[in-house]
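Below you'll find the structure, written out as C-alpha cells, and then a few comments.
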Amino acid sequence: MKIKIIEKTHELDLEDALNEFINSVQPKIQDIQYQVAMTSLNGVLEYSFSAMIVYFT
C-alpha cells in the first residue's frame, strides 16, 4: 500500500495533477480523500486544495 498527497492552490490544477498521476502510475486506488483549506494573509484569501490517494501498484 502506498500514499500520494497532491496539493494545489486552484481546484482545476489539482484535478489536472490527479489525472496525470492516475494516468502515469495506473494505481489500484483504494481511497481518495479531498480537502479544502482557506487562510487569510494580510486580508487576502488563500486556498489550498489537496487530495490523498491510498493505492496499490
- request: Under the ring-ring contact (aromatic ring centres under 6.0 Å, His included) rule, collect the residues that match up with Y34, sequence neighbours excluded.
  value: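 Partners of Y34 by the ring-ring contact (aromatic ring centres under 6.0 Å, His included) criterion come out as none, since no residue qualifies.
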Fellow cluster residues of L41, listed by chain then number, with links counted only when side-chain atoms sit under 4.5 Å apart: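 Joined to L41, directly or through intermediates: none.
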- request: Could you work out the complete set of other residues in the hydrophobic cluster of L12, with links drawn between I, L, V, M, F, W and Y side chains under 4.5 Å apart?
  value: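 ILVMFWY cluster around L12 holds nothing else.
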query: Are I32 and I6 connected in a single hydrophobic cluster, I mean Ile/Leu/Val/Met/Phe/Trp/Tyr linked by side-chain heavy atoms less than 4.5 Å apart?
result: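 Linked, I6 and I32 end up in one cluster.
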query: Applying the 4.5 Å side-chain criterion to the ILVMFWY set and letting contacts propagate, would V36 and I53 be lumped into a single cluster?
result: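 Yes; tracing contacts between hydrophobic side chains, which count when under 4.5 Å, links both residues.
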Donor-acceptor pairs under 3.5 angstrom involving side-chain atoms of residues 13-26: please list them, not counting sequence neighbours.
{"from": "N19", "atom 1": "ND2", "to": "E15", "atom 2": "O", "distance (Å)": "3.3"}
{"from": "N23", "atom 1": "ND2", "to": "N19", "atom 2": "O", "distance (Å)": "3.1"}
{"from": "S24", "atom 1": "OG", "to": "E20", "atom 2": "O", "distance (Å)": "3.1"}
{"from": "S24", "atom 1": "OG", "to": "F21", "atom 2": "O", "distance (Å)": "3.2"}

- prompt: T57 pairs by side chain to side chain contact (heavy atoms under 4.5 Å, CB included) with which of M1, K2, K28?
  reply: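 So the option named by the test is K2.
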- prompt: If you look at every heavy atom in F49 and E11, which pair is closest and at what distance?
  reply: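 Heavy atoms of F49 and E11 come nearest at CZ-OE1, 3.4 Å.
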Sequence neighbours excluded - side-chain hydrogen bond (donor to acceptor under 3.5 Å, both in side chains) pairs with any residue from residues 36-48: E7-S48
query: Out of curiosity, I29 CD1 to F56 CZ, how far, rounded to the nearest 0.5 Å?
result: 12.0 Å
